[in-house]
Amino acid sequence: MSAATPEDLRWLDAAARAAEPFLGTTADNPTVAAFVVDPSAGILVGRAVTARGGRPHAEPLALESAGARARGATLYVTLEPCHHWGRTPPCVDAVVRAGIARVVIGMPDPDPRTRGESIRRLHASGIEVAVIDHAPSVRLNEGHTARHALGRPFVTAKLAVSADGMIGRRDVAKVAITGEDARRWTHLQRAMSNAVLVGGATAEIDDPQLTVRLPGLERRTPLRVILAGNRGIDKRSNLIGGFSGHRVAVIVESGREMAVPASVEVVRVPGEDGRPDLAETLRALHAKGIARLLVEPGATLAEALLADDLVDRFELIEGTVTVGPDGVPATGKGTMDERLAAAGFGEIDRQRLGEDLLRTFEKVGKA
Ligand SMILES: NC(=O)C1=CN([C@@H]2O[C@H](COP(=O)(O)OP(=O)(O)OC[C@H]3O[C@@H](n4cnc5c(N)ncnc54)[C@H](OP(=O)(O)O)[C@@H]3O)[C@@H](O)[C@H]2O)C=CC1
Ligand SMILES: Nc1c(N[C@@H]2O[C@H](COP(=O)(O)O)[C@@H](O)[C@H]2O)[nH]c(=O)[nH]c1=O
Ligand SMILES: [Zn+2]
């Protein structure tokens, strides 16, 4: 195994940055970037990201774009090349065939069909290999990793909270808590997810569209999912009765009747007292190939997910407005900071979104 140099890290960082905007476009396949670099000249001679829909994979596309210049070059790839014959031939074969001299890998592939086999294969073929525990690659692959390690999508919950700790006003739709930059950021997160989920109460009270309304990115709207409980679903809502042309699914407890228009998919999962079980809900979404799930919960769904330890990242957007005494509190268990700390989360990042503050929380001491 060869050691990685600072130059290697720069190329791998650049590869990860190139792949990030395509998160959410590769269906059930991880979004991988492959850079082919001429090491003596220090120039990029070929590059690609996993194609829309997940195939072809990144490596054959990057090698094709490099052509003859791939011989003797270094390949930077954010995930170990695949070893199996799936819907495409093994990428590792293409790498060997192209005459690549050195491969720098962002992380091993957790898919059991590969899981280190390609690293061994590359070694055995006389190719120098460096495997880096590369944080941007690990982050890029977090949906893929969750699918294999946990049998569920990577779950990001996003909640907007007012200066006085409220998420809305009782029975009032769409209370403005955060501003335009936060709205755009949220739509970008939707675009980079495979599905976006809300609870039935939010679907009815807020009547959201859950689309990506950013110029040029409208078609990146992911699968929109309503978690229906006893309240049922409102057939006149935007999600059920609207004509956006984007897919909608409703998750319901197995035994329940649910009459919806033919355009809406009904997914039945086991549950209790009229509510689908949350772990079963995530398993069902995993079975549909969802790797990255964005949840836009109200207080009830946020609490239920935290209580069941089903959140991987919590994005808290703090607004500057004050809602007042008729507001709906974000949590019934102290402040959001206290609730997140009790669930084992710590703040890992913060950034301004216009007037608002985005605070990112992840599990402390996560492996
Ligand atoms: N500021 C923000 O970021 C956001 C604010 N909101 C606000 O939050 C309020 C609505 O949120 P809230 O009332 O908390 O409800 P939520 O929409 O967050 O979640 C509860 C809904 O999900 C259903 N559900 C189905 N299965 C489950 C389960 N296993 N566990 C928990 N819930 C389940 C519930 O069913 P049942 O019918 O059986 O109760 C209920 O309809 C509105 O005022 C809205 O404006 C909403 C989203 C974001
Ligand atoms: N996207 C991607 C990889 N994805 C790997 O391939 C698996 C899917 O295989 P298939 O069904 O044949 O497309 C997936 O689980 C993951 O292990 N591999 C790569 O070499 N490069 C890529 O760009
Ligand atoms: Zn491959």
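One-based numbering, in listed order, for ligands and for the atoms of each.
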K.L.:
How would you list, by chain and number, every residue that makes a side chain to side chain contact (heavy atoms under 4.5 Å, CB included) with D93, sequence neighbours excluded?
P.N.:
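D93 satisfies side chain to side chain contact (heavy atoms under 4.5 Å, CB included) with P90, R97, R121 once adjacent residues are dropped.
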K.L.:
Would you say the side-chain atoms of R55 and T50 include a donor-acceptor pair closer than 3.5 Å?
P.N.:
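No - no donor-acceptor pair under 3.5 Å links their side chains.
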K.L.:
Check whether any side-chain heavy atom of H148 lies under 4.5 Å from a side-chain heavy atom of P112, and answer yes or no.
P.N.:
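H148 vs P112: side chains touch.
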K.L.:
So, the side chain of D38 versus the backbone of S40: is there a donor-acceptor pair under 3.5 Å, distance only?
P.N.:
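Yes; judged by distance alone, with no hydrogens or angles, the pair exists.
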K.L.:
The Zn ion (ligand 3): which protein N, O or S atoms are under 2.8 Å away?
P.N.:
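Sorted hits: H57 ND1, C82 SG, C91 SG.
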K.L.:
Using a 3.5 Å cut-off on N/O to N/O, what pairs does ligand 1 make with the protein? A line per pair would be great.
P.N.:
| from | atom 1 | to | atom 2 | distance (Å) |
| --- | --- | --- | --- | --- |
| ligand 1 | 1 (N) | A160 | O | 2.8 |
| ligand 1 | 1 (N) | I167 | O | 3.0 |
| ligand 1 | 3 (O) | A160 | N | 2.8 |
| ligand 1 | 14 (O) | A299 | N | 3.0 |
| ligand 1 | 14 (O) | T300 | N | 2.7 |
| ligand 1 | 14 (O) | T300 | OG1 | 2.7 |
| ligand 1 | 17 (O) | T202 | N | 3.0 |
| ligand 1 | 17 (O) | T202 | OG1 | 2.7 |
| ligand 1 | 18 (O) | G298 | N | 2.7 |
| ligand 1 | 18 (O) | L301 | N | 3.4 |
| ligand 1 | 22 (O) | G200 | N | 3.4 |
| ligand 1 | 29 (N) | P276 | O | 2.9 |
| ligand 1 | 37 (O) | N230 | N | 3.3 |
| ligand 1 | 37 (O) | R231 | N | 2.9 |
| ligand 1 | 38 (O) | N230 | N | 2.8 |
| ligand 1 | 38 (O) | N230 | ND2 | 3.2 |
| ligand 1 | 38 (O) | R275 | NE | 3.2 |
| ligand 1 | 39 (O) | R275 | NH2 | 2.9 |
| ligand 1 | 41 (O) | A201 | N | 2.9 |
| ligand 1 | 45 (O) | D206 | OD1 | 2.6 |
| ligand 1 | 45 (O) | D206 | OD2 | 3.2 |

K.L.:
Is there a side-chain contact between R213 and Q209, using heavy atoms and a 4.5 Å cut-off?
P.N.:
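Yes, their side chains come closer than 4.5 Å.
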K.L.:
Do F345 and V311 touch side chain to side chain, with heavy atoms closer than 4.5 Å?
P.N.:
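Result yes, sub-4.5 Å side-chain heavy-atom pair found.
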K.L.:
So do R224 and L239 actually touch side chain to side chain, heavy atoms under 4.5 Å?
P.N.:
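With C-beta onward as the side chain, the pair touches.
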K.L.:
Do T31 and T26 have a side chain donor and acceptor closer than 3.5 Å?
P.N.:
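Judged by distance alone, the side chains do pair up.
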K.L.:
Please determine whether side-chain hydrogen bond (donor to acceptor under 3.5 Å, both in side chains) holds for the pair D337 and T335, giving the CA-CA distance in whole Å, both sets of side-chain angles, and the decisive distance to 0.1 Å.
P.N.:
CA-CA 5 Å; D337 272 69; T335 63; 5.2 Å; no
K.L.:
With no hydrogens and no angle check, do the side chains of H144 and D28 hold a donor and an acceptor under 3.5 Å apart?
P.N.:
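Not at all, the side chains of H144 and D28 share no donor-acceptor pair under 3.5 Å.
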K.L.:
Would T320 and E355 count as having a side-chain donor-acceptor pair, cut-off 3.5 Å?
P.N.:
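Looking only at side-chain atoms, E355 and T320 do not form any donor-acceptor pair under 3.5 Å.
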K.L.:
Pick out the protein N or O atoms lying less than 3.5 Å from any N or O of ligand 2, and list each pair with its distance.
P.N.:
| from | atom 1 | to | atom 2 | distance (Å) |
| --- | --- | --- | --- | --- |
| ligand 2 | 1 (N) | N29 | OD1 | 3.4 |
| ligand 2 | 1 (N) | P30 | O | 3.0 |
| ligand 2 | 1 (N) | T50 | OG1 | 3.4 |
| ligand 2 | 4 (N) | N29 | OD1 | 3.1 |
| ligand 2 | 9 (O) | H84 | NE2 | 3.0 |
| ligand 2 | 11 (O) | R55 | NH2 | 3.0 |
| ligand 2 | 12 (O) | H84 | NE2 | 3.3 |
| ligand 2 | 12 (O) | R87 | N | 2.8 |
| ligand 2 | 13 (O) | N29 | ND2 | 3.3 |
| ligand 2 | 13 (O) | R55 | NE | 2.6 |
| ligand 2 | 13 (O) | R55 | NH2 | 3.2 |
| ligand 2 | 13 (O) | H57 | NE2 | 2.7 |
| ligand 2 | 15 (O) | D111 | OD2 | 2.6 |
| ligand 2 | 17 (O) | D109 | OD1 | 3.3 |
| ligand 2 | 17 (O) | D109 | OD2 | 2.4 |
| ligand 2 | 17 (O) | D111 | OD2 | 3.2 |
| ligand 2 | 18 (N) | H57 | ND1 | 3.4 |
| ligand 2 | 20 (O) | E59 | OE1 | 3.3 |
| ligand 2 | 20 (O) | E59 | OE2 | 2.9 |
| ligand 2 | 20 (O) | C82 | N | 2.8 |
| ligand 2 | 21 (N) | E59 | OE1 | 2.7 |
| ligand 2 | 21 (N) | E59 | OE2 | 3.4 |
| ligand 2 | 23 (O) | T50 | OG1 | 2.8 |
| ligand 2 | 23 (O) | A58 | N | 2.8 |

K.L.:
Strictly by modelled atom types, are H57 and N29 linked by a side-chain donor-acceptor pair under 3.5 Å?
P.N.:
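Yes, side-chain donor-acceptor contact under 3.5 Å.
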K.L.:
Just by modelled atom types, is the S118 backbone N or O under 3.5 Å from a matching donor or acceptor in the E80 side chain?
P.N.:
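At least one qualifying donor-acceptor pair exists.
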